[in-house]
> 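Below you will find the structure I want to go over with you.
Read the numbers this way: they start at 1 and go in the same order the structure lists the ligands and their atoms. These numbers come from a predicted model, not from an experiment.
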Amino acid sequence: MKFKILEKLDLKAPCSILLIPVLQDKVLENPLVARIDRALRGVIAQLADQENFKAKTRQSLNFNTMGKIGPKRVCLLGLGAAEKLKHETYRRTGGLGADWLRKFRAEDATVVCQVPKGIKLTVGDIAGAVVEGLRLGLYRFDKYKSKDDGEPPYGGPGGVSLFCCDARGKVMKGVKPTLEAAVRRALTLAEGVITARELVNEIPEVMTPAELAERARKLSSGIKGLSCRILDEKEMAAEKMDAALAVGRGSENRPRFIELLYEPPKVPKTAPLFAMVGKGVTFDSGGLNIKAGEAMATMKMDMSGAAAVISAITIIARLGFPLRCAAVVAAVENMPSGRSYRPDDIVRAMNGTTIEVGNTDAEGRLTLADALSWAIHKLGAARVIDLATLTGACVVALGPTTAGIFGNDPGWLATVQQASAEAGEKCCNLPLDEDMKEDIKSEIADVKNISATRSGGAITASLFLQKFVKETPWVHLDIAGPAWAEKKRHYEPVGGTGYGIRTLVRLAESLAAKSGE
Ligand code: BES
Ligand code: MN
Ligand code: ZN
């Protein structure tokens with residue numbers, strides 16, 4: 001999608017849709033809206049009154065201009081009250097605009113980004129957030145649609161023009177370079193989120209561990225400083241990754257281990273490494289403890305953590321942050337068969353820890369045991385974050401749009417929370433409750449993969465992971481809820497959301513800035 005920055009807003013210039021975000025209860029006080037209203041002889045004032053349009057959040061007013069001005073349609077998008085404006089408001093407004101562009105199959109659009117008086121956000125913040133929301137909102141997974149269903153194809157309109165101005169509607173001087181940088185960054189981020197959505201939405205017959213590894217290789221190729229290493233099953237066995245291999249044993253689609261390493265040219269190879277680990281179960285049937293009824297549907301999304309870390313590191317490398325980092329994934333499919341691992345088996349993870357299998361559906365933590373061990377012992381990571389669609393319990397606790405966040409180091413935890421807040425991805429801190437450690441004790445092995453208590457499943461899963469990171473500063477994000485959208489929300493269509501990528505990129509950016517101080 002192409003974006004262009006306009007020097008002035010010419011109402012005679014033709015375009016499919018003109019999108020204008022407006023503040024609540026200030027529709028006609030907006031100088032641009034007033035200008036268009038005059039050109040249309042007071043139509044907006046009448047319509048706003050009749051349709052009770054107050055520019056509350058998610059409210060929009062959209063009308064055909066009947067050839068009286070250049071734009072075929074004008075669409076006013078409600079921003080809500082000025083006091084409540086933040087990044088996310090503009091992202092959502094961009095998403096709302098995308099809905100209209102789709103509805104009218106717009107071929108092009110002009111978007112107004114106005115900076116209201118007395119607000120903390122800069123014109124770059126606003127333009128970036130609008131572009132992000134617009135691009136993300138236009139995405140759809142249409143690869144398997146054989147007929148035109150009236151929706152515009154993936155990619156949306158050909159060109160989008162941005163007109164950025166101050167509260168009086170006057171173009172701002174000297175902001176073009178900032179604006180261009182903000183728009184470029186927003187698009188890189190949005191394309192990265194879309195890349196992850198594509199990986200998650202792909203059907204599980206296609207998105208096997210080998211395919212995920214192949215896509216990781218392709219996505220990372222040709223980016224300076226970024227290297228990709230893939231281990232097959234034999235090589236994984238040689239590295240003693242028996243926990244991950246056990247999970248993958250029942251499937252025809254054999255496991256792969258994926259390591260992406262970004263070593264920026266100017267950063268010494270001895271600089272501390274930041275490792276991002278993602279759960280990469282390409283389909284989770286539950287294994288022999290097979291999932292019942294509805295629970296198995298959507299389990300192609302069980303590699304959302306992997307998709308997030310793979311996509312995030314390619315963005316980080318593209319943006320060229322001066323930070324050594326790695327993305328690590330043990331990719332497997334969890335299937336029942338005569339070769340499957342069983343409840344009662346004991347498997348040994350890469351770091352030597354033995355694990356009693358209580359339930360083959362608690363497979364994510366087994367794959368992460370090896371991936372975390374690799375990140376810490378093989379790569380020597382100084383800081384680790386993992387993203388995993390780990391437990392249904394976390395969704396029960398926090399709902400579908402908030403991730404659970406756990407950490408063994410208060411400083412590192414706070415750094416990640418800050419990044420997630422800035423990225424507009426919600427998470428809520430849950431405890432690594434020491435008193436529950438005894439619930440994952442095994443009589444016959446070092447640890448068990450399910451808990452003796454039924455409650456607090458997201459916590460016991462995290463306590464299990466903690467065994468494999470010990471003292472290394474580590475944060476675990478349980479993204480079982482927000483990784484997948486059951487219904488459309490704002491700029492997220494149904495399906496994979498790409499949750500976590502914006503947090504990871506923001507986090508890497510803040511680490512890079514700190515290391516340069
Ligand atoms: N992949 C699932 C978790 C999940 C559930 C993700 C719903 C997204 C939506 C995970 O592997 C799993 O099956 N967890 C079990 C753990 C249990 C057997 C201890 C669960 O949550 O039921
Ligand atoms: Mn499972
Ligand atoms: Zn799973």
Side-chain angles (χ1 to χ4, degrees), residues 200-201 204 207 209 212 243-244 246-251 253 255 277-308 329-336 340-345 355-371 386-404 430 436 439-440 442 447-465 476-487 494-497 499-500:
V200 174
N201 289 335
M207 191 49 67
L212 185 61
V247 176
R249 226 165 55 206
S251 169
N253 299 312
V277 174
K279 173 175 173 183
V281 175
T282 59
F283 186 73
D284 181 12
S285 69
L288 290 176
N289 291 105
I290 197 157
K291 288 187 182 289
E294 315 254 283
M296 204 189 299
T298 75
M299 279 304 136
K300 67 174 182 183
M301 58 75 100
D302 216 14
M303 36 60 76
S304 299
V329 173
V332 297
E333 184 177 38
N334 187 20
M335 293 291 258
S340 293
Y341 82 131
R342 321 158 180 80
D344 285 358
D345 276 341
I355 305 164
E356 181 189 353
V357 178
N359 188 315
T360 61
D361 199 11
E363 84 297 338
R365 60 199 82 179
L366 269 66
T367 68
L368 290 167
D370 281 337
D386 79 75
L387 281 79
T389 47
L390 203 59
T391 66
C394 199
V395 193
V396 172
L398 301 177
T401 65
T402 302
L430 297 172
M436 290 167 72
D439 299 342
I440 51 168
S442 163
V447 66
K448 197 168 174 176
N449 81 331
I450 52 162
S451 166
T453 46
R454 273 166 55 94
S455 52
I459 297 172
T460 41
S462 306
L463 290 169
F464 179 97
L465 298 182
H476 159 60
L477 276 169
D478 191 332
I479 60 170
W484 183 262
E486 293 285 349
K487 57 171 243 196
V494 172
T497 59
Y499 180 97

> Strictly less than 4.0 Å: does any protein heavy-atom distance to atom 22 (O) of ligand 1 fall in that range?
no
> Looking at D302, which of its N, O or S atoms is the nearest one to the Zn ion (ligand 3)?
OD2
> Which of the atoms of ligand 1 are close to E363, meaning less than 4.0 Å from one of its heavy atoms?
11 (O)
> Starting from atom 15 (C) of ligand 1, locate the nearest protein heavy atom and write down its residue, its atom name and how far away it is, to 0.1 Å.
D361 O, 4.0 Å
> Side chain or backbone, does D302 bring an N or O within less than 3.5 Å of an N or O on ligand 1?
yes
> Examine the proximity of ligand 1 to L390 and report which part, side chain or backbone, both or neither, has a heavy atom under 4.0 Å away.
backbone
> Going by atom types only, do T453 and S455 share a side-chain donor-acceptor pair under 3.5 Å?
no
> Would you say D284 has an N, O or S atom lying under 2.8 Å from the Mn ion (ligand 2)?
yes
> Just how far is it from atom OG of S451 to atom CG of N359, taken to the nearest 0.5 Å?
12.0 Å
> Would you check if M303 and M207 make a side-chain contact, meaning some heavy-atom pair closer than 4.5 Å?
yes
> Nearest 0.5 Å, what's the CZ-CD1 distance between F464 and I355?
4.0 Å
> Give a yes/no answer: is there an N/O/S atom of K279 under 2.8 Å from the Zn ion (ligand 3)?
yes
> Does any N, O or S atom in D361 come within less than 2.8 Å of the Zn ion (ligand 3)?
no
> Give the atom numbers and elements of ligand 1 that come within less than 4.0 Å of a heavy atom of T389.
1 (N), 2 (C), 3 (C), 6 (C)
> Does some non-hydrogen atom of V395 fall short of 4.0 Å from ligand 1?
no
> Does T389 reach the main-chain N or O of I479 with its side chain, forming a donor-acceptor pair under 3.5 Å?
no
> Give, rounded to 10 degrees, the angle between OD1 (D361) and OE1 (E363) as seen from the Mn ion (ligand 2).
120°
> Near K279, which atoms of ligand 1 are under 4.0 Å from a heavy atom of that residue?
1 (N), 10 (C), 11 (O)
> Looking only at protein heavy atoms, which one is nearest to atom 2 (C) of ligand 1, and what is the separation?
D284 OD2, 3.5 Å
> Begin from the C-alpha positions of W484 and N201 and carry the test side-chain contact (heavy atoms from CB on, under 4.5 Å) through to its verdict.
CA-CA 9 Å; W484 183 262; N201 289 335; 3.7 Å; yes
> With heavy atoms of M299 as the reference, note each atom of ligand 1 found under 4.0 Å away.
1 (N), 4 (C), 5 (C), 6 (C), 7 (C), 8 (C), 9 (C)
> Taking 4.0 angstrom as the limit and counting only heavy atoms of I450, give me the atoms of ligand 1 inside it, by number and element.
19 (C)
> With rounding to 10 degrees, what does the angle E363:OE2 / the Zn ion (ligand 3) / D284:OD2 come to?
90°
> Within this structure, what is the CG-CZ distance for the pair N289 and R342, rounded to the nearest 0.5 Å?
12.5 Å
> Mind checking whether L390 and L465 have side chains closer than 4.5 Å, heavy atoms only?
yes
> Under 4.0 Å from any heavy atom of A480, which atoms of ligand 1 are there?
6 (C), 8 (C)
> Looking at N449, is its backbone amide N or carbonyl O close enough to the side chain of R365 to form a donor-acceptor pair, meaning the two atoms are under 3.5 Å apart?
yes
> If the threshold is 4.0 Å, N to carboxylate O, is there a salt bridge linking D302 and K279?
yes
> Look only at interatomic distance and state if G392 has a nitrogen or oxygen under 3.5 Å from any nitrogen or oxygen of ligand 1.
yes
> Between D478 and C394, is there a donor-acceptor pair closer than 3.5 Å when you use the side chain of the first and the backbone of the second?
no
> Can you report which non-hydrogen protein atom sits closest to atom 16 (C) of ligand 1, along with the distance?
R365 NH2, 3.9 Å
> For S285, run the side chain to side chain contact (heavy atoms under 4.5 Å, CB included) check against M299, E363, M296, K291 and tell me which one passes.
M296
